[in-house]
**Q** 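The following block contains the structure, expressed as structure tokens.
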2 protein chains.
Amino acid sequence: MTSTAGGDNQVSERAQHFLKVLIERYIRDGQPVGSRTLSKETGLELSPATVRNVMADLEEMGLVSSPHISSGRVPTDLGYRLFIDSLLTVKRLAEQEVAAMRRQLNDLGDASTLIERASQLLSGVTRLAGVVMMPRHEHGAFRQIEFLSLSGGRVLAILVTSEGEVHNRVVNTDRSYLPAELEQAANCLNAMFTGQDLHAVRRRLVADMKTTREHMDRVMLQAVEMAQGVVEAAEGTDDCFIAGQTNLMEFNELASVERLKQLFDAFTEKSQILHLLDRCIAAEGVQIFVGEESGYQLLDDCSLVTAPYGSDDQVIGVLGVIGPTRMNYPRVIPLVDMTARLLTAALKQQ
Amino acid sequence: MTSTAGGDNQVSERAQHFLKVLIERYIRDGQPVGSRTLSKETGLELSPATVRNVMADLEEMGLVSSPHISSGRVPTDLGYRLFIDSLLTVKRLAEQEVAAMRRQLNDLGDASTLIERASQLLSGVTRLAGVVMMPRHEHGAFRQIEFLSLSGGRVLAILVTSEGEVHNRVVNTDRSYLPAELEQAANCLNAMFTGQDLHAVRRRLVADMKTTREHMDRVMLQAVEMAQGVVEAAEGTDDCFIAGQTNLMEFNELASVERLKQLFDAFTEKSQILHLLDRCIAAEGVQIFVGEESGYQLLDDCSLVTAPYGSDDQVIGVLGVIGPTRMNYPRVIPLVDMTARLLTAALKQQ
DNA sequence: GTTAGCACTCGTATAAATCGAGTGCTAACC
DNA sequence: GGTTAGCACTCGATTTATACGAGTGCTAAC
């Protein structure tokens, strides 16, 4: 397992060190790194010519490439991958930095504002685009439902979950109902469902609709229908907050207007981003997609660094940042990780 | 009032016609318009040389300018202003077009989704950025308030307005309250305020806090405080929806990345946009700011076309589009106008 | 294994030349 | 008087030529 230089498929210790220095340098100033520069930077006393030999090896293995034949080397996706998996030394965050971050997530009662703030926090500290997925499923349990009749036979259904989230939906009904009728229906539903998981509630509601249709009275039937609507709304909040999109405009590797338009369109559309985040929900800790690894052409020259967050030992969502492949991983990774921890803590103390 | 050519300060009929044709042409293809082109376009049988004379007059009056000494003419802000005020012929919208628009605003119970859709509609039909201000003040009247105790002494306050809007806020309290206490307090507040204007309610709450502090029991005091919180939240929803921002990336007059960043930052910040919209709320119908007229440096090369919308004869908000000064006014103006009418109608039938 | 030397590549920067759309002006025309 | 043809001129955009330099690969010597 030790190594002299020139192993065929194995990357020698020295070559790895060179790759590390190269990437760190490239991350710093975005220019292709030449042999002269690198020979000064490694610490080892080696001439540019030697460095060139090593670089040629690295290139052969697909870890670096040169934009043109006579230009320095640039890391490839694969190079970044090796760097991230085994070369990179994450810097611990300064105590006061963590404190500053914690302060930004403090005292924000509502879960959804908390999540919004988290995405702003992410984009602020990393200078990239921050994204936080809304808690997936598990919106907690049914707590209370209420109906208020509006004009024109429409009814406002309000659902409160055990997490303190409030969902509402306006439902068109075929006739208008008396407040007393609605109140009674609500009481009935509350008695049946309070404390139960939203998922279960929805299943039950759907089942009720089918099986006991003929036994229910008009009002109750309508009530079940309305409840179904608002529960679906509560569960289906498949959404995410994205902040700091404009940070991406600062990077000249993304500076073409067409490129930016693609990205921004994806940000407003959100569904692709959500899919991608969804794939990270199972990961243990920080997960990284470099460049084309994501499989989305859209993010070809971007990387995604994510971490799951939860509330009680249970993962309920994913957050992360999107930026150019050339991002400061050693700094971004602990920042994303810490944000996930802080958000988890903040949600727990609710 | 009739005119031969060359009036000193007065713009001759013919010059106005030329200006009109020039602007229409410029709007179409974005290139400075030369004398040769224009002489073919006017319909009149005039040589380029004659056209040049007229152009010189227009330039003297500040209605057009040439980017370089040997390039065609481009309208100035002032030129656009004259065009808009007295030259432009708005095209009536096709019946089916209106129908298609109406369809997009149909059947969307909730007021705030309706408004979101309106901004999407605007951006879709104009291919510019659409913006709709949330209804200003006048969120309707107090309808019902409710308190639910959460863990850790926090209370969830829910307010429903007569418009069917639901606002909620989590409030930290000093001790935990029994459901019965909270219910009683809510009943009390409901009895006092139901049907009253939110403004009045807030004033009353603030007054109560001050004057009768010592006569109120603990629970009631806390309830008033919480109510105040949620009413403020309801009134203070000073927000707007912006859609189709990425449309602006299509215009090469805005295509520099720095320029776009400024704009997009303003869109996420929103406060400047809101101020600007706010100034249009008093206007009768469609209002237009061309270029620097807005007074916001940010929008120097952009125009803003707005129209107020209302619910019952009463203006409650403003909507509009933002795009480059070179936008298709004859088409955009009726589109904005129509969207305002449709939104007004859709809100009324709620 | 390391290194100096050298020919070679190729993007970038600079300068010169060319092109052409469009101008202003003048003098002739109706 | 307004209108027009003619002409010299301007100036951005495009092309071409040239030079520069950072960096490479390769070879031969250490």
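First the proteins, then the strands, lettered A, B, ... as listed; each starts at 1. Everything quoted here is computed from the prediction, not taken from an experiment.
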**Q** Which base sits across from dG12(D) as a Watson-Crick or G-U pair, both distances under 3.5 Å?
**A**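 Base partner found: dC19(C).
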
**Q** Output yes when a side-chain donor or acceptor of R326(A) lies under 3.5 Å from a complementary backbone atom of I27(A), and no otherwise.
**A**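 It does hold such a pair.
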
**Q** What nucleic acid atoms does T50(A) come within less than 4.0 Å of, heavy atoms only: base, sugar-phosphate, or nothing?
**A**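 Contact class for T50(A): base.
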
**Q** Rounding to an integer number of Å, can you tell me how far Q31(A) CD sits from dG21(D) P?
**A**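 So the two atoms are 17 Å apart, to the nearest Å.
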
**Q** Taking 4.0 angstrom as the limit, do E97(A) and R331(A) come out as a salt bridge?
**A**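 Salt bridge between E97(A) and R331(A), a charged N being under 4.0 Å from a carboxylate O: yes.
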
**Q** Rounding to an integer number of Å, can you tell me how far R73(A) CZ sits from dA22(D) C1'?
**A**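 Result: 13 Å.
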
**Q** Tell me: CG of L38(A) to P of dT3(C), nearest whole Å?
**A**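 L38(A) atom CG is separated from dT3(C) atom P by 14 Å.
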
**Q** Quick check against the 3.5 Å criterion: does T76(A) have a side-chain atom that pairs as donor or acceptor with the backbone of L63(A)?
**A**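 Yes, because the side chain of T76(A) sits within donor-acceptor range (under 3.5 Å) of the backbone of L63(A).
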
**Q** Give the rounded distance in Å between these two atoms: CD of E13(B) and P of dG2(D).
**A**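 Going from CD in E13(B) over to P in dG2(D) covers 16 Å.
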
**Q** Please state how far atom CZ in R14(B) lies from atom C1' in dT3(D), giving the value in whole angstrom units.
**A**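 Result: 9 Å.
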
**Q** Please answer whether the main-chain N or O of C240(A) pairs with a side-chain N or O of K270(A) as donor and acceptor at a distance below 3.5 Å.
**A**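 Indeed, once roles are kept as given, a pair shorter than 3.5 Å links the two residues.
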
**Q** Measure across S35(B) and R52(B) and return the closest heavy-atom pair with its distance rounded to 0.1 Å.
**A**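 Nearest heavy atoms, S35(B) then R52(B): OG-NH1, 3.3 Å.
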
**Q** Please identify which of these residues, L38(B), I23(B), V21(B), meets the side chain to side chain contact (heavy atoms under 4.5 Å, CB included) condition with V33(B).
**A**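 The passing option is L38(B).
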
**Q** Figure out the CE/P separation between M55(B) and dC25(C), and round it to whole Å.
**A**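 One finds 15 Å between P of dC25(C) and CE of M55(B), rounded.
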
**Q** Using atom OH of Y26(A) as one end and atom C1' of dG23(D) as the other, report the distance to the nearest whole Å.
**A**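 So the two atoms are 16 Å apart, to the nearest Å.
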
**Q** Taking CZ from R36(A) and P from dT24(D), how many angstroms apart are they, rounded to a whole number?
**A**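 In whole Å, dT24(D) P lies 9 Å from R36(A) CZ.
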
**Q** Tell which nucleotide pairs with dC30(D), taking only Watson-Crick or G-U wobble pairs whose two distances are both under 3.5 angstrom.
**A**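 Here dC30(D) is engaged in a pair, and the nucleotide opposite it is dG1(C).
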
**Q** Taking the side chain from D57(B) and the backbone from A15(B), do they hold a donor-acceptor pair closer than 3.5 Å?
**A**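 Absent.
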
**Q** Find which nucleotide of DNA chain D each of A49(A) and N53(B) is nearest to by heavy atoms, and output the residue with the more 5' nucleotide.
**A**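 Here N53(B) is the residue nearer the 5' end.
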
**Q** I'd like a table of atom pairs between the protein and nucleotides 7-15 of chain D - only N or O on both sides, under 3.5 Å - with the distance next to each one.
**A**
| residue | atom | partner | partner atom | Å |
| --- | --- | --- | --- | --- |
| dT10(D) | O2 | S70(B) | OG | 2.8 |

